[in-house]
Amino acid sequence: MSHRPRILTGDTPSGRLHLGHWVGSLENRVNLQADYECFFLLANMHAFTTRAEQPADIRRDTLEIAKDWLAAGIDPERSTLVLQTEIPAIAELSWFFAMLLPFNRVMRNPTLKTEIELKDLGDHYSFGFPLYAVGQCADILAFRPELVPVGEDQVAHIEMCREVGRRFNWTYAGVSPQAKDEEHVAEGGVFPVPRALVGRVGRLTGTDGKNKMSKSLGNAIFLTDTAKEVKKKMGALYTGRQTMTEPGDVNNALFQYVRAFVKDPAKVAELEDRYSRGDNIGDGHVKVEVAAAIEELLAPMRERRAALEGEGGDRRVLEILRAHTVKANAVAEETLYAAKQAMKLDFGPRSLAFG
Ligand code: TRP
């Protein structure tokens, strides 16, 4: 068991999860549980970087996202949920890593830049906002994972994490700058240089047919949506195609959904063939197929989710988080101690107590 290679990934709690999260990363996580030792991080500290005045909302969103994960098939018997604010090693490593990254390197991070634009943060964002990208390096490296399954938008962050890992190992652990990424641990490095693993659909278009699926743009199908809501949202997806006989573009948003959610490859091929020839097939027909496929995916999630609603559900989630915090800290503390030893900061071992 303990020889399974490790994974770490996570989400910033910002509301309910949607199909973009599923195809971008969540599906990967559920499947990888069989072969990897998985750590899934609830980045509740990061939620404060843009919503510091909303602690009650952040607490609610944190529990909601944990429920979405469990409903989607994250198995708390096999995988460890990591509640970021209860893992002190993450905050400590963030400080050390902040010294290994040039300030301007952080500020050039394209994911941060995009976020500043999308969230309209202008030049009034908190000091902690860009710091979260450094913190994310610590989230990851605290667990020394091999793989980080993420959506496409996170790849720039993982690249920065890889740079930090290498630089730490060169600076403090005697790893030669010529070492290949895969050789770092064998050469005595404290950290592996982890790789990003992007889901099968890096960027799912929303039901507006234009923008990336996102809660704030109002174009999302949530994992908790009912069959009726899914049908209605799919129905509103506009492709611009007018008749059932005009040749359709199978690269439009609707067909991204066909390929993402219709399971049977023969069915996908048939729909693509008929649509592209305009063989008496309307958008409505395709949408019905897609809605049915999405329903097949969501129905079991809805059922598992129902068991987690209400006060009893919150209690169950909090119980899991407390138990998993102990497991997560055991790993993160071991990493931190190794890092401090490498940095000549060994003033004796320590242990944390919870509860
Ligand atoms: N920044 C990620 C997001 O917004 C969440 C996150 C925080 C994360 N720490 C992480 C993802 C570490 C992967 C690994 O979705």
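This structure is a prediction, so every number in the text was calculated from the model and none was measured. When a ligand or atom number is given, it counts from 1 through the structure's own listing order. Atom set for the values below is all heavy atoms of this structure, side chains included, hydrogens, waters and symmetry mates excluded.
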Heavy-atom contacts under 4.0 Å between Gln84 and ligand 1: side chain, backbone, both, or neither? neither
Classify the angle between the aromatic ring planes of His157 and Tyr132 as parallel (below 30°), tilted (30 to 60°) or perpendicular (above 60°). perpendicular
Using atom types as modelled and distance alone, determine if a side-chain donor or acceptor of Gln341 lies under 3.5 Å from a backbone N or O of Asp346. no
Per-atom filter on ligand 1: closer than 4.0 angstrom to a heavy atom of Thr9 are 13 (C), 14 (C)
Output the list of atoms in ligand 1 that are nearer than 4.0 Å to some heavy atom of Ala43, sorted by atom number. 7 (C)
Reference residue Tyr257; test side chain to side chain contact (heavy atoms under 4.5 Å, CB included); the match among Thr207, Val286, Val262, Val23: Thr207
N/O separation below 3.5 Å, Asp139 to ligand 1: yes
Atom pairs and distances, side-chain donor-acceptor, residues 65-77, under 3.5 Å, sequence neighbours left out:
| residue | atom | partner | partner atom | Å |
| --- | --- | --- | --- | --- |
| Lys67 | NZ | Leu308 | O | 3.3 |
| Lys67 | NZ | Asp314 | OD1 | 2.6 |
| Asp68 | OD1 | Arg305 | NH1 | 2.7 |
| Asp68 | OD2 | Leu17 | N | 2.8 |
| Trp69 | NE1 | Asp11 | OD2 | 2.9 |
| Asp75 | OD1 | Glu77 | N | 2.8 |
| Asp75 | OD2 | Arg78 | NE | 3.2 |

Near Leu8 (heavy-atom distance under 4.0 Å), the atoms of ligand 1 are 12 (C), 14 (C)
Before we go on, tell me: are the rings of His285 and Tyr275 under 6.0 Å apart, centre to centre? no
Do any nitrogen or oxygen atoms of Thr12 come within less than 3.5 Å of a nitrogen or oxygen of ligand 1? yes
Is the backbone N or O of Asp273 less than 3.5 Å from a side-chain atom of Asp279, with the two atoms forming a donor-acceptor pair by type? no
Proximity winner for atom 3 (C) of ligand 1, if only heavy atoms of Glu115, Gln136, His157, Gln154 are counted: Gln154
Where ligand 1 meets Leu41 - atom numbers and elements under 4.0 angstrom, heavy-atom basis: 7 (C), 9 (N), 10 (C)
